[in-house]
Each structure stands twice: as C-alpha cells, then as structure tokens.
Amino acid sequence: MSGMTEPVEVEAKFVVLDRAAARALVAAGQLGGLPGIDRPRTIRQTDRYLDTADGRLRRAGWAARVRTEGESRRIQLKRLAPPDGDGVQRRTELDGPAGPGDDPVAWPRSAARRRLLQLAPDDALVPTVTIRQDRVSRSFGDDRGSVELSLDRAAVLVAGAAADRLTILELEHRSGTSGGFENAVAELRALAALSPVGSTKLAWASAMTALRTRGETLPAIGDEEPPLAPDEPAAETGRRILRGQARRLLEREAAFLARPEAEELRRLRVAARRLRATWRAFGPMWGGRAVDRLRRRLARFADLLGAVRDLDVLAARYAAH
C-alpha cells in the first residue's frame, strides 16, 4: 500500500438471547454515556461471499463479500481475524463499489478491488455463502466520538431458502476516541440478554451451508412426509408430529456441534423441550420398555442441557462482575 495505513474495523458482537431487550438498547437514549444522535434505521442487506474454487482468499487470510443494499452494491474485503482477548475484533477492512457480476476486473477502481486482484489475479471468483439480514441500526455519540449499534436478524441461504437464522447485536467504533466505545462494550457485556460471540457470521454461515449441502443435518429421520390428512388417526398424527420434532432436535444438535455457542445451546434446549411436550401429549398412546427408556433418556438429555445453560449464565455474570 506504499506506506499507507489500511483502515481497521473495530467492533464487538453479541448473540441475542432476549430480542425485546436488544431492541430496547437500540431505541435507548444513551449507550455507554454516549447520547443517541439519530433515529433507528431499518434496512435489508444481502451478503454474497466470494472465493476461488480452491479457496485461495481464505488460505491467504481474507474474506471477500459483495453487499447489496437497495440499489447499492459494494465489495468489502476483510482480514480473517478472531476477537482479541477482550472480545473486541480488530481487522483490516477495504471497501469499494462493485459493478454487476462477480468479475472484479469490470468493477470501478478501489483499494478493495486492487487487493482482490492481487490475491486472485487469474482465477474466477465463485459464490460460497449467502447471508440475508434485516438490520436495525442507530448511532450514538458526541464531540468525543461515535459508535453504531446494529441489531441483525440474519439468515443463511442455501438454494435460495433459509437454512438457519441468528440474531446478533453489533457495536462498531465509528469515529473519535475509543473511550465511548469501550464504555458501551462494558455495558453490553454486563447484560444477561447478550452473550459475547466467539466466531464470525461467515464461520456460522459456512458451517450451516456445509451441513445442508452434505445433507448431514438429519442423520436418522429420513425424508419429509406429506401433510396430515383431516381424517388421520390420532396415533398416526402423534407419530408424525413426534417425528417432525425429533427431526428438528437432530438438526439443532448438528448446528450446536458446528457452532457451540450460547444461542445454539438455547435453540437445542427449545427443541428438546418441544419434543418432550409433544411426548407428554401423545405418549400415552404407546407403551413398552423401549418407549419408557427413550422417554427417560430424553429427560436426562434435557436436564444436562439445562445444567450447561446454568453454567453459561454463571460464567457470563462472573465475567461481567
């Protein structure tokens, strides 16, 4: 870059465990001592991540995404970097306009385009992951500096359909000194409604895309069944509802193993709770030792999930304290 300093993105991310509390944060009058300076804005963004067929960008430590927002289309090139010890992510980010298609040679000139062509001068770029997100964002700041708080409802798309969803709260340092940003991060860390993120959206979306592509999310349940008929016997209705709930439990287990974080644990617990509730409603229709053994094991599994969640909450409160 001929001695030029590349721009660095500084942000902290949190998985949202309570959406109402997160929405209240965006609408609040202040954050970390910084007053709100505008009204919340709602936008829809679609991020298409690109790489060469052999993953050259990823191996070089970069991620390239084309972000579409309304009529705007931009190329954003980011360093792949984990959060620091304080949970804040600091990484190089290059940005520029992107023209139609996925060939950067035809795009307008920018630092992002130039670096992208240096990293992959000859190989064609292909889409690897697509994330659609509905974002509610707001700025907070004064003459000392400013931050942007964003509540993102993200969905990873596979073959045009949502394969999984995630709600993330992001805080980005926008300008001025870092004091206001640090105070805001400390305030967010202390909230039980939020859990610090240990990985990126790209890592989550890549894992979900791989699971869907390989068909590993439903390892033992089989194909979807046709809709229930109005005259379906009660026992058959219960069996099919239980089958669907079991399918969802296995799907959530695969998602948690791919991304073992607080939000995925919460979703796994919800799936187990719904399966147990369905069993209580229809379980009396079946009997036998195999059924009783399965019921006991499911209860034990739910108890273990609850214990892990309790430890997560205690750990989060200890860290905040």
Side-chain angles (χ1 to χ4, degrees), residues 13-20 22-23 26 41-51 63-70 72-74 76 78 102 126-137 150-170 193-195 197-228 240-241 243-275 278:
K13 298 181 180 181
F14 302 84
V15 173
V16 174
L17 307 178
D18 184 334
R19 293 182 197 168
R23 287 193 293 268
V26 178
R41 306 174 300 279
T42 301
I43 55 177
R44 166 163 284 192
Q45 300 169 332
T46 300
D47 294 335
R48 293 176 68 253
Y49 286 84
L50 306 174
D51 204 339
R65 75 181 180 199
V66 174
R67 168 164 287 181
T68 302
E69 182 180 317
S72 171
R73 198 167 183 267
R74 303 191 67 80
Q76 296 170 335
K78 298 190 178 191
D102 294 333
V126 295
T128 58
V129 169
T130 301
I131 301 175
R132 183 187 66 213
Q133 59 185 19
D134 293 308
R135 164 170 287 189
V136 181
S137 63
S150 302
L151 179 61
D152 298 340
R153 178 65 168 159
V156 55
L157 304 182
V158 178
D164 198 18
R165 291 182 172 84
L166 185 68
T167 303
I168 293 285
L169 190 75
E170 295 187 6
L194 304 175
S195 176
V197 171
S199 62
T200 63
K201 287 180 188 173
L202 175 58
W204 158 71
S206 297
M208 293 301 100
T209 300
L211 286 169
R212 289 291 186 178
T213 302
R214 295 197 304 264
E216 294 179 358
T217 50
L218 307 175
I221 299 299
D223 297 331
E224 294 280 358
E225 296 189 29
L228 287 166
R240 292 177 60 179
I241 292 176
R243 192 170 186 263
Q245 295 287 4
R247 176 190 297 275
R248 187 60 175 165
L249 179 65
L250 290 172
E251 192 171 34
R252 296 266 46 97
E253 180 192 34
F256 174 74
L257 292 175
R259 185 175 173 277
E261 294 188 354
E263 174 64 6
E264 295 300 342
L265 176 63
R266 183 191 69 80
R267 292 179 173 190
L268 181 56
R269 290 184 64 213
V270 169
R273 188 163 60 244
R274 288 175 176 172
L275 178 56
T278 304

Consider side chain to side chain contact (heavy atoms under 4.5 Å, CB included). Of L194, V15, V136, V197, which one does L169 pass it with?
L194
So do I168 and F14 actually touch side chain to side chain, heavy atoms under 4.5 Å?
no
Between R153 and T167, is the side-chain hydrogen bond (donor to acceptor under 3.5 Å, both in side chains) condition met? List the steps.
CA-CA 5 Å; R153 178 65 168 159; T167 303; 3.1 Å; yes
Nearest atoms (heavy-atom pairs only) where L151 meets A22:
CD1-CB, 3.8 Å
Between D152 and D134, is the side-chain contact (heavy atoms from CB on, under 4.5 Å) condition met? List the steps.
CA-CA 6 Å; D152 298 340; D134 293 308; over 6 Å; no
Who pairs with A20 by side-chain contact (heavy atoms from CB on, under 4.5 Å), at least two apart in sequence or on another chain?
D18, R23
Would you call R252 and E264 a salt bridge, using N to O less than 4.0 angstrom?
yes
Give a yes or no on whether R67 atom CZ has more than 12 heavy-atom contacts from other residues, nucleotides or ligands under 6.0 Å away.
yes
Please give me the minimum heavy-atom distance between L17 and S195, naming the atom from each residue.
CD1-CB, 4.2 Å
Close side-chain approach of R65 to K78, heavy-atom, < 4.5 Å
yes
Once you round to the nearest 0.5 Å, how far does CZ of R41 lie from OG of S150?
7.5 Å
Between V26 and S137 the two heavy atoms that sit nearest each other are CG1-C, 4.5 Å
I'd like to know if D47 and K201 make a salt bridge, using a cut-off of under 4.0 Å between side-chain N and carboxylate O.
no
For A154 and I131, work out which heavy atoms get closest and say how close.
CB-CG2, 4.0 Å
If the condition is side-chain contact (heavy atoms from CB on, under 4.5 Å), which residues does T128 pass it with, not counting sequence neighbours?
Y49, D51
If the threshold is 4.0 Å, N to carboxylate O, is there a salt bridge linking D102 and R73?
yes
With rounding to the nearest 0.5 Å, note down the distance linking OG1 in T46 to CD in Q133.
8.5 Å
With heavy-atom distances below 4.5 Å as the criterion, would you say the side chains of L249 and L268 are in contact?
yes
Measure across V158 and A163 and return the closest heavy-atom pair with its distance rounded to 0.1 Å.
CG2-CB, 3.8 Å
Passes side-chain contact (heavy atoms from CB on, under 4.5 Å), R132 versus R44? Steps please.
CA-CA 7 Å; R132 183 187 66 213; R44 166 163 284 192; 3.7 Å; yes
Is it true that E170 and R135 have a side-chain N and a carboxylate O under 4.0 angstrom from each other?
yes
